[in-house]
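FYI, side chains are in, hydrogens and waters are out, and symmetry mates aren't considered; it's all heavy atoms of this structure. Lettering follows sequence order; numbering is per chain, from 1.
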Amino acid sequence: MSNEAAPQAPVQDLPEQVANRRANRDRIVALGHPAYPNRYDATHLVSDIVQAYAPLSHDELEAIPEEKRRVRVPGRILAIRRMGKKAVFVDLSDGREKTQSYLRQDALTSEDWQLFECLDLGDHVGVSGVVFRTKMGELSVRAEKLTFLAKSLRPLPDKWHGLTDVEVRYRQRYVDLIASLETRRVFEIRARLVSHIRRFFDARGFLEVETPMMQVIAGGAAARPFVTHHNALDLPLYLRIAPELFLKRLVVGGFPKVYEINRNFRNEGISTHHNPEFTMLEFYTAYADARDQMALTEELFRGAAQEILGTTDLAWGKTEKGEPEHVLRFGEPFRRLSMRDAVLEYGAGRVAAEDLGELATLRAAALRVGVESPERFGESKGKLLAELFEAVAEEHLVQPTFIVDFPAEISPLAKTRPENPEIADRFELYVAGMEIANGFCELNDPDEQAEKFRAQVGERDKGDLEAMHFDDDYIEALSYGMPPAAGEGIGIDRLAMLFTGSASIRDVILFPLMRPKALR
RNA sequence: GGGCCGUUAGCUCAGCGGUAGAGCAUCUGACUUUUAAUCAGGGGGUCCCGGGUUCGAAUCCCGGACGGCUCACCA
């Protein structure tokens, strides 16, 4: 903003309400008040007043000496109800709760009354006075002194309908937050979720770490990265698509339990389930396998729901009547289903067991369920099975379900089952038709890992932009010996969607990526 | 990227070929315990942008911008 000349429009050219507010700000300054003072000596926030005094009746309040219920409370003005020239009710908000203040001309100095005359909806003020109940029973602060705290130069959204323009809600989240308690609730729940996760892992002896977000090789997942450049080193760098390979280096280094909660960046499409930057929890447990991680995951989700929402039954979706379409039951054991069985169960009538054996029959089945040009997945039966799964089963996995027994071909960082080298010891958790978590027993044989990297490089040479690079340094790390370990990634944004009943990932990200409005 | 839908006052919306409207907000006036306060009156518009059709376009057609949903891709 500072590099462009932003000429201030003449007052007469401003929108009417902005011009009025600027004029009021000038008047306030003329009355001797700073327009934007540095501090206010508050005794209570609005919520503190509600908490402390709401339980008390009119008589109980009056029984308390006035000097014991004298407060100084700051807040944003959300409503002004004038009762003639000499009395007025002003609603004050701290963002969370509201309380009203009763201003009488004869209880204020004439200077303070003049100040009141210059106030607009949205301004911040401090009210000093005595807590009481009106004859309508409303908890109020009878103002004795008024302090100006900050001017709002723009009008707030409609007090009744709020802000419904989705675009403005995302672009100007601060306005959304002012206007919508529900939006505020979503982000409070998200914060409590992250906080719960930290406490959960800390309590179990996991060490929270931070690993590079800028990487020379963007590894640990199949995705296209963002590219950037370090000037002093003249070095191309990638924003990470996953922390995985660094976290496992730490397991090699002797931290048997580590976790990280941080941003990943993937240069791919945007949708109701995808934002280019998203928050991922990854955690690694030495000496554990996929089965152990699944148990830990159930425990984490169940405890979080109980603590944050007070129930393990989560409402999801809305019917036409406005009732929840589903109740996600986190209290019951999560179903476990092999990818193969999921395809057969949800593709019943379209896909049969004998289709899954040969390349040709897999391709035919894929075509039948709507996968376009299945030959683009090459000769990989594993990729075709995964495609079938996504086409046929994914959207139906509403209740928490672990999909297990992934094809080894699409799991280049995972160990295979001891009894079957074609099946990875891997799982993904699906809830509400979304992939929420992905975990597996980590491949720790450096030679086998090198082999799988080479196969990935082969895929990349054939044009798969999401195939992995060969990471020499990671192979070297493994060659020092990594204990058996299982790892897992959990998408925090999607989990927050489940916990808040949000249909779009943009509703749980404060500032989702938006295309710039216009380049001037 | 494809399809469908949306963009009108600060906000929420109506108007869909014939002089641009309502509620809230704003301004003026009445009211010293109201709470979506009430009552009376006034002001406020690049109808997203650019073309076209028409005597006449917010409205119809074409192109574009931004957004939502959805399909494709992904986590």
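Between A:F334 and A:F402, the two ring planes are tilted [angle within 30° to 60°]. Between A:F499 and A:F330, the ring-plane angle classifies as perpendicular under the 30° and 60° cut-offs.
Residues A:E117 and A:N24 come closest through the heavy atom pair O-OD1, 4.5 Å.
The side chain of A:R506 approaches B:G68 more closely than any other nucleotide in the set B:G68, B:U33, B:U26. Comparing B:U33, B:C66, B:A75 by their closest approach to the side chain of A:R266 singles out B:A75. Between B:U35, B:G68, B:C27, one nucleotide has an atom nearer to the side chain of A:N20 than all others, and that is B:C27. Ranking B:U12, B:G10, B:C27 by closeness to the A:L163 side chain, first place goes to B:U12.
In this structure, A:T134 does not reach the B:U35 phosphate: none of its side-chain N or O atoms is under 4.0 Å from OP1 or OP2. A close approach under 4.0 Å does not occur between any side-chain nitrogen or oxygen of A:K85 and OP1 or OP2 of B:U32. Regarding contacts with the backbone of B:C66, a side-chain N or O of A:R515 is found under 4.0 angstrom from either OP1 or OP2. Side-chain nitrogen and oxygen atoms of A:T164 include at least one within less than 4.0 Å of the OP1 or OP2 phosphate oxygen of B:U12. Side-chain N/O atoms of A:R171 include one lying less than 4.0 angstrom from OP1 or OP2 on B:G67. Phosphate contact (OP1/OP2 of B:A37, side-chain N/O of A:K159, threshold under 4.0 Å): present. For A:R376 and B:C73, the shortest distance from a side-chain N or O to OP1 or OP2 is below 4.0 Å.
With a cut-off of 3.5 Å on both pairing distances, B:U19 has no Watson-Crick or G-U wobble partner at all.
Atom CD of A:Q17 is separated from atom C1' of B:C24 by 10 Å (rounded to the nearest Å). We find that CG of A:L513 is positioned 13 Å from C1' of B:G67, with the value rounded to whole Å. A straight line from NZ of A:K86 to P of B:U32 spans 7 Å, rounded to a whole angstrom. Going from atom CZ of A:F406 over to atom C1' of B:A75 covers 12 Å, rounded to whole Å. Here the C1' atom of nucleotide B:U7 and the CG atom of A:D165 are 8 Å apart, to the nearest Å. Spacing between atom NE2 of A:H161 and atom P of B:G10 amounts to 17 Å, rounded to whole angstrom units. Between the CG atom of A:D176 and the P atom of B:G10 there is a distance of 20 Å, rounded to whole Å. Distance A:E16 CD to B:C11 C1': 14 Å, rounded to the nearest Å.
Residue A:A179 is classed as having no contact, given no heavy-atom separation below 4.0 Å to the nucleic acid. Note on A:Y170: only backbone sugar-phosphate atoms sit closer than 4.0 angstrom, heavy atoms only; bases stay farther off. Across all strands shown, A:R224 has no heavy atoms under 4.0 Å from either base or sugar-phosphate atoms. Across all strands shown, A:R169 has no heavy atoms under 4.0 Å from either base or sugar-phosphate atoms. Nucleic acid contact class of A:F132 (heavy atoms, under 4.0 Å, all strands): base. Using a 4.0 Å heavy-atom criterion, one finds that A:E466 contacts the sugar-phosphate atoms exclusively. When heavy atoms are screened at a 4.0 angstrom cut-off, A:M514 is found touching the sugar-phosphate backbone but no base atom. Among the protein residues, A:L121 comes within range of the sugar-phosphate backbone only, with heavy atoms under 4.0 Å from sugar or phosphate atoms but none that close to a base. Nucleic acid contact for A:N267: none, since no nucleic acid atom lies under 4.0 Å from a heavy atom of the residue. Looking at heavy-atom distances under 4.0 Å, A:R154 makes no contact with the nucleic acid at all. Counting any heavy atom pair closer than 4.0 Å across all strands shown, A:G162 reaches sugar-phosphate atoms only and no base atom.
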Practice problem: I would like to know whether A:K248 and A:Y474 meet side chain to side chain contact (heavy atoms under 4.5 Å, CB included); could you show each step before the answer? | Solution: CA-CA 9 Å; A:K248 283 190 278 193; A:Y474 177 65; 3.1 Å; yes
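Between B:G17 and B:G23, the two C1' atoms lie 27 Å apart (nearest whole Å). Across the P atoms, B:A37 and B:G64 are found 46 Å apart, a figure rounded to whole Å. For B:C24 and B:U35, the P atoms lie 15 Å apart once the distance is rounded to whole Å. For B:G67 and B:A22, the C1' atoms lie 26 Å apart once the distance is rounded to whole Å. Straight-line distance between the P atoms of B:G10 and B:C27: roughly 15 Å, to the nearest whole Å. For the C1' atoms, the distance linking B:U26 with B:C16 amounts to 29 Å, nearest Å. Here, B:A14 and B:U8 have their P atoms 10 Å apart, quoted to the whole Å. Rounded to the nearest Å, the gap between the P atom of B:G44 and that of B:A9 is 15 Å.
For the side-chain contact (heavy atoms from CB on, under 4.5 Å) criterion with A:L92, the lone passing option out of A:V125, A:L78, A:V141 is A:V125. Exactly one of A:T183, A:V168, A:L510 qualifies for a side-chain contact (heavy atoms from CB on, under 4.5 Å) with A:D176. That residue is A:T183.
Take the nearest nucleotide of RNA chain B for A:D493 and for A:A87: the residue whose nucleotide is more 5' is A:A87. Nearest-nucleotide assignment on RNA chain B puts the 5′-proximal partner with A:V168, out of A:V168 and A:W160.
Although no hydrogens or angles enter the test, the distance criterion places no donor-acceptor pair under 3.5 Å between the side chain of A:R190 and the main chain of A:D493. Put simply, the side chain of A:E409 gets close to the backbone of A:G382: a donor and an acceptor are under 3.5 Å apart. Remark: side-chain polar atoms of A:R76 are not paired, donor with acceptor, to backbone N or O of A:D123 under 3.5 angstrom.
If you check residues 74-84 of chain A against RNA chain B, the residues with a heavy atom closer than 4.0 Å are A:R81, A:R82, A:M83, A:G84, listed by number.
Interface remark: the A:Q100 side chain does form a donor-acceptor pair with the B:U34 base, using a distance-only criterion of under 3.5 Å. At a cut-off of 3.5 angstrom, the base of B:G10 holds no donor-acceptor pair with the side chain of A:D158.
Here A:F89 does not pack flat against the base of B:A37, since the 5.5 angstrom centre distance and 30 degree tilt limits are not both met.
Annotation: A:R336, atom CZ; neighbour count of heavy atoms from other residues, nucleotides and ligands within 6.0 Å is above 12. Open room surrounds CZ on A:R224; 12 or fewer heavy atoms of other groups in view lie less than 6.0 Å from it.
Between A:F389 and A:Y430, the distance separating the two ring centers is shorter than 6.0 angstrom.
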